[in-house]
Structure formats: structure tokens, C-alpha cells
Protein chains: 2
Amino acid sequence: MPTNRPFARVLDRLKAVGLRPTRQRLALARLLFEQGDRHVSAEQLHDEALQANVRVSLATVYNTLHQFTTLGMLREVVVEPGRSYFDTNISDHHHFFFEDDGQLQDIPGERVELARLPEPPAGTQVRRVDVIVRLGGSKS
Amino acid sequence: MPTNRPFARVLDRLKAVGLRPTRQRLALARLLFEQGDRHVSAEQLHDEALQANVRVSLATVYNTLHQFTTLGMLREVVVEPGRSYFDTNISDHHHFFFEDDGQLQDIPGERVELARLPEPPAGTQVRRVDVIVRLGGSKS
DNA sequence: CAGTAGTTTGGAGTTTTTCCAAACTATTGA
DNA sequence: TCAATAGTTTGGAAAAACTCCAAACTACTG
């Protein structure tokens, strides 16, 4: 009966990574993961939580976002100075960035082909390759 | 006699884009453009200027970096939350980012081949495509 | 149910960047 | 050459995003 345990999926995820399912974490996780792929900033998520009547401090939102990122449940995307976005899509993919309104949009991994890339310098390894397609207003 | 006009190149560049060659701008432009490709933060450039005995305020450094960027003499690179780098290389190229020490390194444009990219959404145009190869510590 | 280890919190602090109005200066043209 | 003016610079205050901290709180363990 899924209706009896509406938070089950999110709850299990928290347990799976070894985080206590506190009221705050559970609520933030639901906001993040129960509505498809999202790109949110800390401030945004904090506002959403307050609007959903979940009392959480901004510090906790930052803590949680960083924990989730470290544990591989989120991916941090940096496209603008002075603001980080957290992406709930952790599969291999890239981004459109709309410079006019600051929105991010996923580009599925298979829509981009990197046919050639240089070798990483000796002693280093590639952690990730980010492709950001920066978009401007209407074509002129 | 190039030795008589050591700032000539930089001075001409400022004139070419319609900026007055003030003492501060000239000094910053020399620090930026007279030593090959560089990636500097505002704070870094400010320190360099002071060490070179050029009195400049941090506000002017920011103003200047943004003017240069707007005029196409610099390119802003955002790889880390909370800090912008300005790249004196404005040709088509990409970046290695060393996550451990925060350094940036150019990847010449021809070393990367994007064989496939999605169409930009209707009403938008691609301003730029950034490829950032994020590198981690030694291979393990 | 008590102990404890993990979590949350408000508020202060830090860092980076922007803003502003006053002072300054390069350029223009008379 | 000089005054007018338009563009620049400046320090300091302020904004914005994020981090830190010690005290209070709470989920788990036995």
C-alpha cells in the first residue's frame, strides 16, 4: 500500500546512504526528489521549504545540499558567479544555460558527443567533463 | 623604436575599444596582457597591482575587468562557487580545472571536438560552448 | 528509557562583489 | 593654454552567498 508510506522511497534513500531521516532532511529530500529533475539554489530550496510549512534554517539547507552532493545524490553546477545550483539529475548529461534568465536545462548525455579530448596531465584523472551551452536571447 | 613606447601595444588596444588610457587601466592592462595567457581573479590582480606599486582600488579592478570582458578583451570563466576568473585568452578554447588547487589551464580549441550538439531551443542562439574537464588528484 | 552520537539552529562572521556620491583627470574645442 | 565636460577612480558602506559555532535538540542503541 504505497499510500500508507508516501515517503518510503525518499526515506529508504536516506537510510541507504546512512543519513538519519530527520524531519528537515526528509522534507528537503522530498522537495528535491519527488518531482523529476530539478536545478535549485540553496535559497530557492529554503523558500520552498518555508512555503511548504517546513521550518528549516538556511544553514541546514546548505548542510543538506552539501551532504547529498558528497554522497552522490546531487550534482553541483556552477555557471554563474555568486550562485550554485544543485542538480537532482546525477546521470551523465550536460546543460543549456539561458544567460538572460539564469535558467538551466538538461541536455541528455547521448545528445553530446565529445569525439576528441586531450589526455589529462600526468598525475591527474578526469573527475567529470562539463559541457555548458550558453544561450542568449532571440536570434538576431 | 619600440623601447621608447613600451606601453604602445596595450595603449593602442585601449584606444581601439574607446577606453581612456588612464594610469590604472594602463597598468592593469599591462599586467593582464603583457605576459601571455593568464587566468586571474580580481583579488589576485589587485594584489599584483599593489606589488607593482600601482595604486588602484579594488572597485576599479572590478570595473576594469568587467569593461574588458564586455568589450571582448577578456573572457570570464566560472568553475568554482564564489570566485570568478578572467581569462586573457579569448580565442576558441576550453579548460582543465584542477579541483585540488583551483588552477585553470587552457585546452586549445582544436584539442576538443564536439561531434554532436543539440539544437538550441527555439528563439535562442548559442553564445558559447564551454567544456570544463575537471581533474582530481593523482590516479588511484 | 537513558545515553550518545548525529543534527539543527540563530546569529555572527567571512568572502566576494556591487554600489555610491564625491573627488579626480583625460579630452575637447575655443 | 585653459576651462568645460564627460568619463574615471575611490573608499567605504552595503549586498549577496555562504560558512562557522556553540548550544539545544532528536534519532538511534542497548
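Order of the sequence lines sets the chain letters (A, B, ...), proteins ahead of strands, with each chain counted from 1.
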Are B:D130 and B:R75 within salt-bridge range, i.e. N to O under 4.0 Å?
yes
Closer than 4.0 Å, any side-chain N/O of A:Q24 to the OP1 or OP2 of C:dT9?
yes
Any side-chain N or O of A:Y62 less than 4.0 Å from the OP1 or OP2 oxygen of D:dC18?
yes
Minimum-distance nucleotide (side-chain atoms of A:V56 versus D:dG7, D:dT10, C:dT9):
C:dT9
Over 60° means perpendicular and under 30° means parallel, so classify the ring planes of B:H95 and B:H93, tilted if in between.
perpendicular
Can you measure B:E76 atom CD to C:dT16 atom P for me and round it to whole angstrom units?
15 Å
Give B:S41 one of three labels, base, sugar-phosphate or nothing, depending on what nucleic acid heavy atoms sit under 4.0 Å from its own.
nothing
Tell me which of B:A59 and B:G18 sits closer to the 5' end of DNA chain D, going by the nucleotide each one is nearest to.
B:G18
To the nearest angstrom, how far is B:E80 atom CD from D:dT19 atom C1'?
15 Å
Do A:Y85 and A:M73 belong to the same hydrophobic cluster, where Ile, Leu, Val, Met, Phe, Trp and Tyr are linked whenever their side-chain heavy atoms lie under 4.5 Å apart, directly or via other members?
no
Output the single nucleotide from C:dT8, D:dT9, C:dT16 whose closest atom is nearest the side chain of B:N63.
D:dT9
Between A:L65 (CG) and C:dT7 (P), how many Å, whole number?
15 Å
Under 4.0 Å between any heavy atoms, over every strand shown, what does A:H66 touch: base, sugar-phosphate, or nothing? Just pick one.
sugar-phosphate
Is there a side-chain polar atom (N or O) of A:R20 under 4.0 Å from OP1 or OP2 of D:dT26?
no
Rounded to whole Å, please give me the gap between NZ in B:K15 and P in D:dG7.
18 Å
If you measure from the Lys or Arg side-chain nitrogens to the Asp or Glu carboxylate oxygens, is any gap between A:R38 and A:D87 under 4.0 Å?
no
Closest to the side chain of B:A42, out of C:dT8, D:dC20, C:dT17, is C:dT17
How many Å lie between CG on A:L58 and P on D:dT19, as a whole number?
10 Å
Please give, in whole Å, the distance from D:dT8 P to B:Q67 CD?
6 Å
What nucleic acid atoms does B:P81 come within less than 4.0 Å of, heavy atoms only: base, sugar-phosphate, or nothing?
nothing
Kindly point out which of C:dG6, C:dT16, D:dA27 is positioned nearest to the side chain of A:R25?
C:dG6
Considering every strand and a 4.0 Å limit on heavy-atom distances, what is the contact class for B:L19: base, sugar-phosphate, or nothing?
sugar-phosphate
Look at A:T60 and C:dT8 and indicate whether a side-chain polar atom (N or O) is within less than 4.0 Å of OP1 or OP2.
no
Calculate the interatomic distance between B:D47 atom CG and C:dT15 atom P; express it in whole Å.
13 Å
Distance check needed: D:dC18 P versus A:Q44 CD, whole Å only.
11 Å
Is the CZ atom of B:R116 crowded by more than 12 outside heavy atoms at less than 6.0 Å?
yes
Any idea which heavy atoms bring A:R127 and B:L135 closest together, and the distance?
CG-C, 4.0 Å
5′-ward residue of the pair B:R83/B:R23 relative to DNA chain C
B:R83
